[in-house]
Undergrad: 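Quick one: structure below, then a few questions.
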Amino acid sequence: MSIAEFGRLAGLSAKALRLYDASGLLPPAEVGEGSGYRRYTPAQLEPARRISLLRRLGVPLGLIGEMLARPDSEAVTRLDRWWAAEDAAMEARRSTYYWLRTGLAHADDPQKAYAVRTERRPERRIATIRVEVDQQALVPAIGTAQWTIRAHLDEQGAVHGPEHWVIYHGPVTPDAEATIEVCVPFAGTVEPARDITLRLEPARLLAFATVLRDDCFHPRITAAYDAVNQHVSAGGLVATGPLREIYLNHWDRLTGEDPFALVAQPIEE
């Protein structure tokens, strides 16, 4: 078949066929010595159509060559691995999109003013799990870690309330992972587990802002972070540990508000 006829049956342009010839993916069955005309056989239609489908998916030429050279049972494994990687990349892009869109959608919202207070919190025993997360994985990771800890504390007969903390050991963004530490304070005798560490959190002086439930999302919560950082900087205070979010999960019956979390910075006394 001529390149035009073959291209029509395979659903490929002459330009694409020349590219696949040059890359070694689909050389013609023969090339006329004097004319240079490319000729193809019916047996080449199936690999040509497969190449076309893979290119529509966006599979790189090098990987297509790998897949064509392997039996179908091995090619499907390579395709599955590539697709899983593409799916993960799309999820990361989706997370970045939502992060950016939320920031743009709320850019004109009035900046909320946060009062920053200081309070000395007592020594507490805590059970913790450390995980590396990016922005996409942050909320699911916090939930999974918290309930894993609580299930372990229940098995051990420990007492634990509604409060839990998230300590940020680095900035968590859509493009960068950092370590977070999910902590649940408890009372009682507990043995550590494989992923759960027990430690004594010393008494600390905290500078903190209270965040209501409706404001506990990005980018609105960043105003609370800014208020705490400005308070520490303007007051000449010295930070003694990483920033943390302390989730209270209770209703304030006196004010009728929902003080969902504290954005807190440990400071030197």
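Count residues from 1 along the sequence. Here the structure is a predicted model, which is why all the values come from computation and not from measurement.
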Undergrad: Between atom CZ of Arg125 and atom NE2 of His160, what is the distance when rounded to the nearest 0.5 Å?
TA: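 The distance works out to 13.5 Å.
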Undergrad: Using 4.0 Å as the upper bound for N to carboxylate O, is an ion pair formed by Arg81 and Glu66?
TA: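 Salt bridge flag = no for Arg81 with Glu66.
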Undergrad: Under 4.0 Å between a Lys/Arg side-chain N and an Asp/Glu carboxylate O for Lys112 and Asp226?
TA: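 A salt bridge is absent here (no side-chain N lies under 4.0 Å from a carboxylate O).
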Undergrad: For the pair His164 and Cys183, evaluate side-chain contact (heavy atoms from CB on, under 4.5 Å) and give the outcome as yes or no after the intermediate values.
TA: CA-CA 6 Å; His164 69 278; Cys183 314; over 6 Å; no
Undergrad: Kindly compute the distance separating CD (Glu269) from CG (Leu205), expressed to the nearest 0.5 Å.
TA: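 Taking CD in Glu269 and CG in Leu205, the distance rounds to 5.0 Å.
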Undergrad: For Thr210 and Arg117, which I'm curious about, is there any donor-acceptor pair between the side chains at under 3.5 Å?
TA: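 Their side chains do contain a donor-acceptor pair, which is all the 3.5 Å distance test asks for.
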Undergrad: Please tell me whether Glu268 and Thr240 have a donor and an acceptor in their side chains that are separated by less than 3.5 angstrom.
TA: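 There is no such pair between these side chains.
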Undergrad: Below 30° counts as parallel, above 60° as perpendicular, anything between as tilted: where do the rings of Phe6 and Tyr40 land?
TA: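 Plane angle under 30°, so parallel.
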Undergrad: Check Arg244 with Glu201, please: is the shortest side-chain N to carboxylate O separation under 4.0 Å?
TA: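 Judged by the 4.0 Å cut-off on N to carboxylate O distance, Glu201 and Arg244 do form a salt bridge.
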Undergrad: Atom OH in Tyr168, atom CG in Leu243: separation rounded to 0.5 Å?
TA: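 Answer for the OH-CG pair, Tyr168 versus Leu243, is 10.0 Å.
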Undergrad: In the structure I gave you, are the side-chain heavy atoms of Leu25 and Leu68 within less than 4.5 Å of one another anywhere?
TA: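 Of all side-chain heavy-atom pairs linking Leu68 with Leu25, at least one is under 4.5 Å.
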Undergrad: Check this for me: does any side-chain nitrogen of one of Arg121 and Glu119 sit under 4.0 Å from a carboxylate oxygen of the other?
TA: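 Result for this pair is yes, salt bridge flagged.
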Undergrad: When you check the gap from the basic side-chain N to the acidic O, do Glu181 and Arg199 get nearer than 4.0 Å?
TA: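 Salt bridge present between Glu181 and Arg199.
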Undergrad: Side-chain contact, heavy-atom cut-off 4.5 Å: Val159 with Phe186?
TA: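 Val159 does not reach Phe186 side chain to side chain.
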Undergrad: Where do Arg78 and Glu74 land on the salt bridge (charged side-chain N to carboxylate O under 4.0 Å, His left out) test, with the steps shown first?
TA: CA-CA 7 Å; Arg78 291 293 289 116; Glu74 294 180 20; over 6 Å; no
